2 protein chains.
Amino acid sequence: MQPCKGSARVQSNQFVIYIIGMDDHTDQTRKPRADAVRNRERVLEAAKLVFNAGGPEASLEAVAKRAGVGIGTLYRHFPTREDLFEAVYRREVEQLSELAEQLKNAKDPVDALRRWLRSGVEFVATKKGMVATLALAVQSGSELHAFSFERLTTAIGSLLDRAITAGAMRADISPEDLLRAFFGMCYMHDQPGWQASVLRMLDVFVDGLRVQPIAKGKALAAKPAKATVKRKR
Amino acid sequence: MQPCKGSARVQSNQFVIYIIGMDDHTDQTRKPRADAVRNRERVLEAAKLVFNAGGPEASLEAVAKRAGVGIGTLYRHFPTREDLFEAVYRREVEQLSELAEQLKNAKDPVDALRRWLRSGVEFVATKKGMVATLALAVQSGSELHAFSFERLTTAIGSLLDRAITAGAMRADISPEDLLRAFFGMCYMHDQPGWQASVLRMLDVFVDGLRVQPIAKGKALAAKPAKATVKRKR
DNA sequence: GAAGATACGGAGGCACCCTCCGTTTAACAA
DNA sequence: TTGTTAAACGGAGGGTGCCTCCGTATCTTC
């Protein structure tokens, strides 16, 4: 199952880095084969199309065929279905992650979180396959495919932390919690009206996340809340 | 695909009712065959075991085998996988539904809703297969398998209505919204710690649902009208 | 007990999964 | 250029599951 015998292959964003094994010193840095690179790209392209059209359950053989590649080749590049998912949606996940980075500088941390979540919904609406896919990957408990999940957790975590530190948000919620809730709500997209529904739910959610001035008698520092609490939308 | 030529079969909770067709008057009410009834029950029993163990994707052939029944028999009784789901979890859904009925008499309507949701989590924890199953049924947009979904919508709706009418909860959330959110959150059960996480999230959620009393005591009386008018949808 | 309605079961055709391995091809060295 | 060899290719093949179809068995009714 290892593509290279004496070496491990680590794959970062777009490039492929070869780490030379210690046991046999055949050669230093053999350039990756051109056909391999090409095929990998083709498979990704095809997968994106096929998954977006047919959902994450779509046939891998269809992907291979669309890519003009043998099924064996597909499996060599992406040993599991989730590996393929991961690769397909990596870019999207990174975009979301970067958005969080930007929002970190917003004034109101609660609003920043809210906006991030809303953008997430937007994303899901566009990249049809994404949520179901990631949800599936997460659900199957596959530790190794946690790239996206971890990345998003970090993203959401930074927003969350900031809001908590600012005293605007309850502190007993973890980024994982929040991500789970978010994914969950989006999971049933493709029913009519899902998008509006999810946006409503997210609003409720964020409202619920605020430190409640009533409950905690002293936490009145978070006055600015009032403005947003008003019930927008 | 119709089991009886000149008659339609309507299946309510546990019994099978025969409605005589108009076109041919063969006989009035032929008793259902004993073996059919027996096999149906066997399949249900087996399905419950198999789904709870192997999740909703489990093989129907495994179910048939476990039931000691041919695959054809299984398909005759339950033409689609969702039909089988529906039948298997019907009882559970009804229990949840009844619980909502009882909670309608609670004093605090918001708390009633909260308790119902918590019970839902309990339920999910026990009946492993249920959520994934219903989620799948819902997601696949199968109009006909909406029994459970509708039942739960009604249940949750009655609790919601009461809270809204009492002015304790924002009025722009539909039962479907809420159910979606609930299912979504539960969807990723089987990760470690999911249950605690979902409970936390539900708390957040219910908090977010309350009409936010900036000044608690006095605003309560005035709120209801305002809240309900606010956003109809 | 016979007739006819009904239900049974599993073979069979199809689709997909994934692995294995003989063949091809690209990179490198001479 | 050409030879060598690691690496990649592709698809046959064995396995599993889905679902349908229809000859056979069984039940109800008269």
Side-chain angles (χ1 to χ4, degrees), chain A residues 1-9 16 18 20-21 23-43 46-47 50-51 54-84 140, chain B residues 1-9 16 18 20-21 24-43 46-47 50-51 54-85 140:
Chain A
M1 200 147 278
Q2 290 293 23
C4 322
K5 258 214 188 66
S7 64
R9 216 172 76 189
V16 178
Y18 284 81
I20 309 306
D23 47 345
D24 67 340
H25 19 81
T26 50
D27 55 55
Q28 298 300 67
T29 36
R30 187 177 251 266
K31 217 166 65 180
R33 281 178 54 160
D35 53 350
V37 173
R38 177 171 22 89
N39 281 335
R40 183 168 209 283
E41 212 50 44
R42 278 191 189 166
V43 169
V50 172
F51 287 149
E57 326 260 61
S59 151
L60 294 188
E61 277 171 348
V63 172
K65 186 175 290 178
R66 174 139 213 164
V69 138
I71 185 67
T73 296
L74 184 151
Y75 273 97
R76 199 171 326 98
H77 284 294
F78 307 100
T80 75
R81 181 177 285 263
E82 269 113 24
D83 287 334
L84 186 50
S140 75
Chain B
M1 202 145 278
Q2 290 294 24
C4 321
K5 258 211 188 69
S7 64
R9 216 171 77 188
V16 178
Y18 284 81
I20 309 306
D24 67 340
H25 21 79
T26 50
D27 55 56
Q28 298 299 66
T29 35
R30 187 177 252 265
K31 218 165 65 180
R33 278 178 56 161
D35 53 349
V37 172
R38 177 171 22 90
N39 281 334
R40 182 168 210 281
E41 212 50 44
R42 278 191 190 167
V43 169
V50 172
F51 288 149
E57 327 260 60
S59 150
L60 293 188
E61 278 171 348
V63 172
K65 185 174 291 179
R66 174 139 213 163
V69 139
I71 185 67
T73 297
L74 185 151
Y75 272 97
R76 198 170 328 97
H77 284 293
F78 308 100
T80 75
R81 180 177 285 264
E82 269 112 25
D83 288 333
L84 186 50
F85 289 159
S140 75

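Throughout, protein chains are lettered first and strands after them, A, B, ... in sequence-line order, and every chain is numbered starting at 1. Model, not experiment: these values are computed from the prediction. The analysis underlying the following values was restricted to heavy atoms, covering all of them including side chains, and did not include hydrogens, waters or symmetry mates.
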Please figure out whether B/A36 or A/L60 has its closest DNA chain C nucleotide nearer the 5' end.
B/A36
From the list D/dG10, C/dT19, C/dA27, which nucleotide is the closest neighbour of the side chain of A/N39?
D/dG10
Do you know which two heavy atoms are closest between A/I71 and A/L60, and how far apart they sit?
CD1-O, 3.9 Å
What's the NZ-P distance between B/K31 and C/dA7, to the nearest Å?
14 Å
As an exercise, state the distance from NE2 of A/H77 to CG of A/D83, rounded to the nearest 0.5 Å.
12.5 Å
Rounded to the Å, how far apart are B/Y75 OH and D/dC22 C1'?
17 Å
Set of side-chain contact (heavy atoms from CB on, under 4.5 Å) partners for A/V50, sequence neighbours left out:
A/A58, A/V63, A/R66
Give the rounded distance in Å between these two atoms: CZ of B/R42 and P of C/dA7.
16 Å
Just wondering, do A/L84 and A/F51 contact through their side chains at under 4.5 Å, heavy atoms?
yes
Residue-phosphate contact under 4.0 Å: B/R81 side-chain N/O, D/dG17 OP1/OP2:
no
Nucleotides 23-27 of chain D: which of its N/O atoms have a protein N/O under 3.5 Å away?
residue, atom, partner, partner atom, Å
D/dT26, O2, B/R33, NH1, 2.9
D/dT26, O2, B/R33, NH2, 3.2

Does the side chain of B/S59 get closer than 4.0 angstrom to OP1 or OP2 of D/dT16 through an N or O atom?
no
Looking at A/H77, does any N or O in its side chain come under 4.0 Å of the phosphate oxygens OP1/OP2 on D/dA8?
no
Taking CZ from B/F78 and P from C/dG9, how many angstroms apart are they, rounded to a whole number?
14 Å
Under 3.5 Å, is there an N or O donor on one side and an acceptor on the other linking the side chain of A/E57 and the base of C/dC16?
no
Do any of residues 64-74 of chain A sit with a heavy atom less than 4.0 Å from DNA chain D, and if so which?
A/V69, A/G70, A/I71, A/G72, A/T73
Rounded to whole Å, the CG-P distance (B/L84 to D/dC19) equals 11 Å
Does the side chain of A/R40 come within less than 4.5 Å of A/V43's, by heavy atoms?
no
Could you give the CD-to-C1' distance, from A/E61 to D/dT16, as a whole number of Å?
13 Å
Which nucleotide in the set D/dC9, C/dC17, C/dA7 lies at the smallest distance from any side-chain heavy atom of B/R76?
C/dA7
